[in-house]
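Written out below as structure tokens is the structure these notes cover.
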Amino acid sequence: MKVMVTGGAGYVGSVSVDAIVAAGHEVVVLDDLTTGHAAAVAPASRLVQGSYGDEPFVRELLTSERIEAILHCAARSLVGESVQDPAKYYRDNVAGGVALLEAARTAGVGRIVFSSTAAVYGVPDTTPIGEDAPLRPINTYGETKRTFEGALRWYGAAYGLRSVVLRYFNVAGASERLGEVHRPETHLIPNVLAAVEGGPALTLFGDDYPTPDGTPIRDYIHVEDLADAHLAALELTGDGAGPAPSLVCNLGTSTGFSVRDVLATAEAVVGRPVPFTVGPRREGDPPVLVASNARARDVLGWSPRRSTLESMIGSAWAWRRAHPDGYGD
Ligand SMILES: NC(=O)c1ccc[n+]([C@@H]2O[C@H](COP(=O)([O-])OP(=O)(O)OC[C@H]3O[C@@H](n4cnc5c(N)ncnc54)[C@H](O)[C@@H]3O)[C@@H](O)[C@H]2O)c1
């Protein structure tokens, strides 16, 4: 199959491109390099620099490259920024996303896999969270992801678009070739490792949550497990007999780890203490966010293979040590 991956120069997208290429498929990466890294793009794929929101350009690209399916990873994804500047998030994640769908529709590309997020659930009533839990996002980022999920559903009903929405929980870890470099970095594990390396001090936002050690519990998923799920989802969109037209799956391990678990594992992996201070809670941080991944197991035939914190933190640490300048950009 020939796949266009939007955001294939970013953290999640680049690891997935490697997996899709390794499975024997052809990949065209569409990335505007706003937060991605050209050096992260698999040499066996083709990087096209541009925006998925540029409808005529994308239509031409899909047609000339004879693309069969799209993996849509690109997005604006900073929660704080989304609340301060919702216009940017509606323009890129929603209006840009619809431009991509229109380009696909008019180019005759009827298969798409979408990077969604646990942020669509907001503060859940129960845990583990199933896909049918109410969607009540508490920030613009989650709201724009929910809105685009809705567009996929309605495009499926009206135009027969076959889509798989994947709601990631907390993505972590690295492959041998590719790691996580965001500026600013808002994710816990890279910030823990940066603090160990003498970088910015780490703040632990609240230690008085109703959890066993007082710190929030999250569901971490290895970025290579996510790539496996992307591949399974892309294949499913081409299976005329499979569930259609729109499927939604959580992607997590269904196991929760607290912030203190992450710190303890990082200390064991690195062999040094993690310096940190305790600050106040952040608004909107639920005590526990853990996925039910039963549907992904059943329908995608997927299961996480790198579920331990040791494998996620260990691979992230190994990549940082091998790439002290990140991607050098
Ligand atoms: N990393 C996580 O923990 C996590 C969790 C849940 C959901 N997600 C979702 O997964 C996806 C990937 O996240 P990531 O951490 O890899 O982000 P990232 O910032 O590393 O990658 C995003 C990529 O998209 C590109 N991009 C942005 N806007 C574009 C545009 N208009 N046209 C073309 N390319 C554009 C960027 O240059 C970058 O390469 C996002 O949709 C994000 O919302 C990530």
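Numbers here are sequence positions counted from 1. These figures come from a predicted structure and were not determined experimentally. Order of listing sets the numbers, starting from 1, for every ligand and every atom in it.
Annotation: atom 11 (C) of ligand 1 to nearest protein heavy atom, C73 O, 3.0 Å. Ranking protein heavy atoms by distance to atom 18 (P) of ligand 1, first place goes to H182 NE2, 3.6 Å.
For ligand 1 and S77, the ligand atoms under 4.0 Å from any heavy atom of the residue are 42 (C), 43 (O). The distance from ligand 1 to the heavy atoms of G36 drops below 4.0 Å at these ligand atoms: 36 (C), 37 (O), 38 (C), 39 (O). For ligand 1 and K145, the ligand atoms under 4.0 Å from any heavy atom of the residue are 40 (C), 41 (O), 42 (C), 43 (O). Within ligand 1, counting atoms from 1 as listed, the ones closer than 4.0 Å to a heavy atom of T117 are 6 (C), 7 (C).
Between Y155 and Y159, the ring-plane angle classifies as perpendicular under the 30° and 60° cut-offs.
Under the 4.0 angstrom criterion for non-hydrogen atoms, G96 is not in contact with ligand 1. Heavy-atom separations between G50 and ligand 1 include at least one value shorter than 4.0 Å. Judged by the shortest distance from any of its heavy atoms, H37 lies outside the 4.0 Å radius around the atoms of ligand 1. Using a 4.0 Å heavy-atom cutoff, L33 is listed among the residues neighbouring ligand 1. Residue-ligand proximity: S116 is placed with a non-hydrogen atom under 4.0 Å from ligand 1. Ligand 1 has at least one atom lying under 4.0 Å from a heavy atom of D31.
Using a 4.5 Å cut-off on side-chain heavy atoms (C-beta onward), M4 and V58 make contact.
For a threshold of 3.5 Å applied to N or O pairs, the pair formed by F169 and ligand 1 contains no separation below that value.
Remark: side-chain polar atoms of S315 are not paired, donor with acceptor, to backbone N or O of S175 under 3.5 angstrom. Between the N293 side chain and the G252 main chain, a donor and an acceptor come within less than 3.5 Å of each other.
Using a cutoff of 4.0 Å between basic side-chain nitrogens and carboxylate oxygens, R136 and D125 are scored as salt-bridged. The existence of a salt bridge linking E197 and R320 is confirmed by a sub-4.0 Å separation between a basic side-chain nitrogen and an acidic carboxylate oxygen.
Distances from atom 42 (C) of ligand 1 to the heavy atoms of Y168, Y141, Y220 show the closest one on Y141. Of the candidates A74, S51, A75, it is S51 that places a heavy atom closest to atom 31 (N) of ligand 1.
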